[in-house]
Amino acid sequence: MSTISIPVTKTTQSKLSETDFSSLVFGKSISDHMFVADYQNGAWGDFRIVPYGPMEIYPGNATLHYGQAIFEGMKAYKNEKGEVLVFRAEANAKRLNESAARMCMPQLPESVFLEALKQLLSLDRDWVPQGKGSSLYIRPFMFAMDNYLGVKASDSYRFMIFTSPVGAYYSKPVSVKVETTYTRACEGGTGEAKAAGNYAASLYPALQAQKEGYDQLLWTDGKTHSQIEESGTMNVMFKIKGNLITAPTHGGTILKGITRNSVLQLAKDWGQAVEERFLAVTELEEALKNGSLEEAFGVGTAATIAFINKINVNGKDYLLPEPKPDAFSTRVLSTLDSIKYGEVQDPHQWILTI
Ligand code: COI
């Protein structure tokens, strides 16, 4: 594969020495450089890596008004040899293009995505924290660049990648509330795209739940609010009577989570029974009442596995015990970590070594 040419302008004021790697807060520290590409006249070009910093856009920028913006989230880890390992980069490159198609945005060649990532991470490899629990969060994203107020798909776009050293997303198990008023996604909408607007729409309902003392929501379907779809910004899984249950992604309302896919692959490898089907709120409530709900956890890039310790259904709180060391969620988290940090063989070629 021919490598694309990416001119680099290095920073003259690295923030590395002033970054406290021992107390990383998710998304607060940003690494020194960013990748930028512009789409104009039907083609991507002007590839460059430059110091991370502000950029100029017109007040009439279409993204600010009509929200044509999509993003990805992925992570890089450092192994004991100091090599940088990126988890499932190709899957992210593919999903970005699926989101782009739904949002009327141009396809970005996967080779550009991957080459940009490799060159950016090579340059900023000192920003990848070493040690379990920490990683470099990678944020690729694309947005409209037309300076035009008519409502239409933009003709010009920008694609960028920047990175941020991070610690754990959630420091403890999370409490969730089944949401039956507001909706994250509905059939025919943009739920399966990683579109910025989906996250904007989730903020108000999430804030209401937080005011009531819950960390996040368990989203239900938009039509009947009778089936569980996702949790907060993550996919969600339940283990009931030995079966792992998670919502299917073919209906267009559920994000095709890469962590979700990885967990399901490991479940298959281990012979764990999986049901990709919607879990009814009534079934969840029943399982909470009769004690057959063994585990509940969110799965996403930022948190990997977020153990759920409290679920509110129809106004009543149910507590879940802490997952045991042999619980599926505990084992899957530890196996994923071992693969990501290069401690064990990578059975599905998920790792890209930089
Ligand atoms: C993820 O965990 O996959 C996310 O997208 C979370 C991000 C919005 C912080």
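Order of listing sets the numbers, starting from 1, for every ligand and every atom in it. Model, not experiment: these values are computed from the prediction.
- From Asp124, atom CG reaches atom OG1 of Thr163 across 5.5 Å, with rounding to the nearest 0.5 Å.
- Under a cut-off of 6.0 angstrom, the local environment of CZ in Phe21 is crowded, with over 12 non-hydrogen atoms contributed by other residues, nucleotides or ligands.
- Below 4.0 Å from some heavy atom of Lys194 lie the following atoms of ligand 1, by number and element: 3 (O), 4 (C), 5 (O).
- Relative ring orientation between Phe159 and Trp44 is described as perpendicular, the plane-to-plane angle rising above 60° on a 0-90° scale split at 30° and 60°.
- Nearest protein neighbour of atom 3 (O) of ligand 1, counting heavy atoms only, is Thr301 N, 3.1 Å.
- In this structure, Tyr199 has its ring center under 6.0 Å from that of Phe71.
- Within the 4.0 Å heavy-atom criterion, neither part of Met234 lies near ligand 1.
- A donor-acceptor pair is defined here as one N or O able to donate and one able to accept, closer than 3.5 Å; no such pair exists between the side chain of Arg184 and the backbone of Glu229.
- Every atom of ligand 1 is numbered from 1 in the order shown, and the set under 4.0 Å from a heavy atom of Tyr199 is 8 (C).
- Between Thr233 and ligand 1, no N or O atom pair is found at a separation short of 3.5 Å.
- Considering backbone and side-chain N/O atoms, Ala302 comes within less than 3.5 Å of an N/O atom of ligand 1.
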